[in-house]
Student: 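My structure is below; once you've seen it, I'll send some questions.
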2 protein chains.
Amino acid sequence: MAGKNAFYAQSGGPTAVINASACGVLQTARQHSDEINKLYAGRDGIIGALTEDLIDTSIESDAAIAALKTTPGAAFGSCRYKLASIYEHRAQYERLIEVFQAHDIGFFFYNGGGDSQDTAYKVSQIGAELDYPIVCVGIPKTIDNDLPITDCSPGFGSAAKYLATCIRETALDVSSVSRTSTKVFALEVMGRHAGWLTAACALATKQEGGAPHILLLPEIAFDEGRFLAKVEQATERYGHCVIAVSEGIKGPDREFLSAGLKDAFGHAQLGGVAPIITNLVGEKLGYKCHWAVADYLQRSARHIASETDVQQAYEVGRAAVKFAIAGKNAVMPAIRRLSDSPYRWDIIEVPLAKVANQEKLLPPEFISADGFGITAAARRYLAPLIAGEAYPPFKDGLPDYVRLQNVPTPKKLVKKFAV
Amino acid sequence: MAGKNAFYAQSGGPTAVINASACGVLQTARQHSDEINKLYAGRDGIIGALTEDLIDTSIESDAAIAALKTTPGAAFGSCRYKLASIYEHRAQYERLIEVFQAHDIGFFFYNGGGDSQDTAYKVSQIGAELDYPIVCVGIPKTIDNDLPITDCSPGFGSAAKYLATCIRETALDVSSVSRTSTKVFALEVMGRHAGWLTAACALATKQEGGAPHILLLPEIAFDEGRFLAKVEQATERYGHCVIAVSEGIKGPDREFLSAGLKDAFGHAQLGGVAPIITNLVGEKLGYKCHWAVADYLQRSARHIASETDVQQAYEVGRAAVKFAIAGKNAVMPAIRRLSDSPYRWDIIEVPLAKVANQEKLLPPEFISADGFGITAAARRYLAPLIAGEAYPPFKDGLPDYVRLQNVPTPKKLVKKFAV
């Protein structure tokens with residue numbers, strides 16, 4: 001593939017550090033200009049490839065590329081777009097080949113979570129199935145931390161650090177006012193199926209009885225009676241109760257708790273399980289409650305990113321380029337933990353076939369016996385992932401994030417492709 | 001009053017920097033031990049005085065006191081508790097005098113917003129009305145920035161900085177995914193009557209067309225049709241639309257928009273106007289929406305406090321002690337702006353009678369003609385208040401906040417007082 005061009009794209013929900021991976025890819029590709037000629041970025045993920053909307057990254061300055069390391073969001077745009085298999089939708093793959101051929105692309109990098117690794121895996125098969133030679137490498141990313149094999153997923157550590165900080169800070173607030181005002185506070189956390197982010201909130205605990213007092217994990221069926229008893233116990237004992245609740249908690253019927261929420265007009269409401277459980281507490285126990293929904297704040301909070309996370313995001317981007325240059329097709333760089341304390345890690349390669357469409361839930365040994373907390377083993381696992389501060393530059397009181405020029409490469413194909 | 005003891009207490013909702021004011025008070029009192037003997041802190045605000053629950057601050061180390069400058073929440077506990085007037089509820093004031101006399105208290109510091117300045121003012125009258133000599137000084141604090149006379153209120157700048165950062169960060173996220181996913185994002189902001197915090201979100205705008213595209217201010221009646229037209233225009237023009245919405249927006253009937261929200265069981269729901277307006281957008285315009293409610297996160301986010309705000313919070317605490325030593329009763333230190341750029345300010349004294357129970361709304365000249373944004377004058381006012389970063393120390397990946405010992409002083413009175 002030496003001398004061919006490369007394609008890089010970002011997929012799924014952005015994180016605070018997905019652009020640090022982009023930075024790793026772009027900087028490393030620039031250092032290997034003998035092996036990789038131009039690096040094109042797909043605008044809005046794989047859609048950029050299908051629509052021949054290729055961003056010419058060569059016109060971006062080294063300074064702008066370096067600034068990606070401290071900028072949240074997905075600098076080239078992202079998408080939620082799942083490719084069907086080659087057998088189901090051959091035309092999509094033929095289109096990809098047309099675009100790749102037209103722009104002499106021999107390397108394909110796809111940066112995302114489980115669905116995106118599936119896309120990367122499918123694209124990696126076009127060499128064998130459709131006789132177009134390409135080296136295809138996935139780059140892990142997800143705040144949900146649910147990718148298998150890799151010890152953790154870039155993006156998770158920073159979201160975890162942000163959420164644990166929120167819990168620690170709001171707990172000081174609630175405990176200050178609990179005598180005459182709010183006694184119960186719930187923070188709603190992302191992670192529809194896997195409770196990693198909710199579990200990470202427990203890192204805020206400094207001493208016995210510290211917040212959060214209750215985690216509501218999606219791995220554990222929500223039991224109203226046990227939950228209320230626990231809230232009452234914590235509030236009576238500590239004067240207040242702080243709850244981290246996963247957006248994905250389900251009742252005993254396996255339905256999302258948030259499914260039944262209606263607005264004043266009887267219309268289904270978008271999300272919001274924190275208001276549901278605090279309403280329940282208010283009605284049944286009479287405590288004044290407050291709640292917050294962090295939503296996108298938690299996946300874009302680059303201002304309080306984990307240094308470990310930023311480094312790992314950058315290094316998987318670097319490793320992806322090195323794997324590609326070495327001709328390794330259909331692989332993903334994964335993080336391997338060598339020790340907890342001091343925390344040591346390196347990067348290994350894993351086959352995309354093993355990571356695509358797999359979801360790693362919180363293992364039972366990480367969940368406390370009552371289901372409302374985490375174990376010491378979970379703490380040992382989580383603690384190093386939020387370590388270190390990697391502040392972005394600030395200007396006029398706010399983080400100074402880069403916006404790339406994102407200039408499109410002239411199209412070479414006449415045919416359009418509708419996505 | 002020289003040689004008398006002092007009482008300090010915190011009131012209302014905490015901020016990221018109310019403890020910086022406490023730090024200013026405690027450090028300055030320690031430097032003036034000839035004039036002020038012991039400094040007692042009231043546990044949970046004025047309630048600590050009424051119930052004779054006085055915290056002996058003299059046992060806290062200088063290091064612990066210094067760490068208050070970087071710790072959010074209200075270190076001595078706060079309360080929402082409004083004193084009636086001396087004429088309505090004389091027994092309360094007689095009780096205060098009993099407690100003050102028993103502990104030889106000649107100085108009274110009360111740190112809070114408009115209601116708290118009212119309490120401070122009422123207490124200041126007991127010298128004249130009930131013949132108990134006391135010097136009473138209010139210390140300003142509120143994230144809402146609605147105290148009159150003072151150019152701004154400590155606590156506001158840090159919440160403003162946090163919210164503008166959230167808007168800037170989530171805008172990068174939403175603009176990344178808007179092609180195939182979320183196009184409209186709304187962040188709900190505190191400030192039930194005054195739109196200062198919502199206005200501050202506009203500081204996130206870097207260039208024409210940048211987020212936030214729409215502010216929904218409580219000073220402007222919500223007009224569904226005009227709002228939807230604006231959302232559609234922004235989304236069509238920029239591909240996405242970011243909204244900062246005040247929790248306190250009201251419809252043309254002057255009812256809070258959030259008043260009608262019901263959960264699945266038909267029960268009134270606690271807050272949440274962001275889901276209401278995004279639901280409306282989804283239904284009427286068909287755009288996919290997301291929303292966040294920052295709630296207590298915005299008033300406790302010490303991890304991204306404004307350096308200007310921390311300094312001002314500290315200095316009003318210092319000034320309060322100096323005013324008290326000078327025998328100035330019934331006053332509050334206020335911030336006076338000397339110039340916008342470079343930003344210069346000093347501290348002046350204002351009579352409590354003029355600040356108690358007043359609410360400063362966003363002036364019309366700060367609101368753009370269409371009501372959905374702010375003017376250049378507002379930007380000039382707001383910009384310096386979020387300037388500078390004043391990071392707390394971190395340990396194990398999280399902000400390392402101090403917890404004081406808060407040891408109670410032995411009670412001297414037999415009589416209890418129920419609040």
Side-chain angles (χ1 to χ4, degrees), chain A residues 13-14 44 47 72-74 77-81 161 164-166 168-170 172-174 176-177 179-181 185 203-204 260-264 267 269-270 272 275-276 278-279 283 289-297 299-304 306 383 386-387 389 394 396-399 401, chain B residues 13-14 44 47 72-74 77-81 161 164-166 168-170 172-174 176-177 179-181 185 203-204 260-264 267 269-270 272 275-276 278-279 283 289-297 299-304 306 383 386-387 389 394 396-399 401:
Chain A
D44 303 323
I47 290 176
S78 183
C79 68
R80 293 202 181 282
Y81 190 84
K161 185 186 185 86
T165 298
C166 289
R168 180 167 286 182
E169 293 183 330
T170 50
L172 288 176
D173 188 305
V174 178
S176 301
V177 300
R179 180 153 178 180
T180 54
S181 181
F185 175 76
L203 293 174
L261 201 62
K262 300 273 192 294
D263 68 12
H267 301 134
Q269 205 183 297
L270 302 160
I276 297 181
T278 47
N279 256 21
E283 274 171 30
C289 301
H290 256 252
W291 54 269
V293 175
D295 196 59
Y296 289 171
L297 275 55
R299 68 185 204 192
S300 59
R302 180 63 187 79
H303 72 272
I304 190 170
S306 148
I386 68 164
E389 291 68 57
F394 275 69
D396 299 333
L398 292 174
Y401 296 133
Chain B
D44 304 322
I47 291 176
S78 184
C79 67
R80 292 202 182 281
Y81 189 84
K161 185 186 185 86
T165 299
C166 288
R168 180 167 286 183
E169 292 182 332
T170 50
L172 288 175
D173 188 305
V174 178
S176 302
V177 300
R179 179 154 179 178
T180 54
S181 180
F185 175 77
L203 293 174
L261 202 62
K262 301 272 191 295
D263 68 13
H267 301 134
Q269 205 182 298
L270 303 160
I276 296 182
T278 47
N279 256 23
E283 274 170 33
C289 301
H290 257 252
W291 54 270
V293 175
D295 196 59
Y296 289 171
L297 275 56
R299 69 184 204 192
S300 59
R302 180 62 187 80
H303 72 272
I304 190 170
S306 148
I386 68 165
E389 291 68 60
F394 274 70
D396 299 332
L398 292 175
Y401 295 133

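Because only heavy atoms are used, hydrogens play no part in the values below, and waters and symmetry mates are left out as well, while side chains stay in. Each chain gets a letter, A, B and so on, in the order the sequences are listed, and its residues count up from 1.
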Student: Check whether Ile304(B) gets within reach of chain A through its side chain, its backbone, both or neither, counting any heavy atom under 4.5 Å.
Tutor: side chain
Student: Is Asp396(B) close to chain A through its backbone or its side chain, or both, or neither, when contacts mean heavy atoms under 4.5 Å?
Tutor: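 Answer is backbone: N, CA, C or O of Asp396(B) sit under 4.5 Å from chain A.
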Student: Is it the backbone or the side chain of Arg179(B) that comes under 4.5 Å from a heavy atom of chain A, or both, or neither?
Tutor: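 Side chain of Arg179(B) only, per the 4.5 Å heavy-atom cut-off to chain A.
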Student: Identify the heavy atoms of Leu398(B) and Lys161(A) that sit nearest to each other, and give their distance.
Tutor: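 Of all heavy-atom pairs spanning Leu398(B) and Lys161(A), the closest is CD2-O, 3.9 Å.
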Student: Look at the aromatic rings of Trp291(A) and Trp291(B) and report parallel, tilted or perpendicular, splitting at 30° and 60°.
Tutor: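 Trp291(A) and Trp291(B): perpendicular rings.
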Student: To the closest 0.5 Å, what do you measure between OG1 (Thr180(B)) and CD1 (Ile47(A))?
Tutor: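 The CD1 atom of Ile47(A) is 5.0 Å from OG1 of Thr180(B), to the nearest 0.5 Å.
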Student: If I take atom CD from residue Glu389(B) and atom NE2 from residue His303(A), how far apart are they, to the nearest 0.5 angstrom?
Tutor: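 Between atom CD of Glu389(B) and atom NE2 of His303(A) there are 11.0 Å.
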Student: Which answer fits Ser181(B), side chain, backbone, both or neither, if we ask what part of it has an atom under 4.5 Å from a heavy atom of chain A?
Tutor: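 The side chain, not the backbone.
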Student: May I ask you to name which of Val293(A), Ile386(A), Thr165(A), Val174(A) has the most heavy-atom pairs under 4.5 Å with chain B?
Tutor: Val293(A)
Student: What option among Asp173(A), Leu172(A), Asp44(A) has the most heavy-atom pairs under 4.5 Å with chain B?
Tutor: Asp173(A)
Student: Of the backbone (N, CA, C, O) and the side chain (C-beta and beyond), which part of Tyr401(B) lies under 4.5 Å from a heavy atom of chain A, both, or neither?
Tutor: both
Student: Highest number of heavy-atom pairs under 4.5 Å with chain B: which of Arg302(A), Arg80(A), Arg168(A)?
Tutor: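 The option with the most such pairs is Arg168(A).
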Student: Do any N or O atoms from the side chain of Ser78(A) and from the backbone of Ser176(B) form a donor-acceptor pair under 3.5 angstrom?
Tutor: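 It does not hold such a pair.
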Student: Heavy atoms only: give me the nearest Leu297(B)-Ala292(A) pair and the separation to one decimal.
Tutor: CD1-CB, 3.7 Å
Student: Under a plain distance cut-off of 3.5 Å, with no hydrogens placed, do Glu169(A) and Tyr296(B) share a side-chain donor-acceptor pair?
Tutor: no
Student: Give the member of Ser300(B), Gly73(B), Gly77(B), Cys166(B) that has the highest number of heavy-atom pairs under 4.5 Å with chain A.
Tutor: Ser300(B)
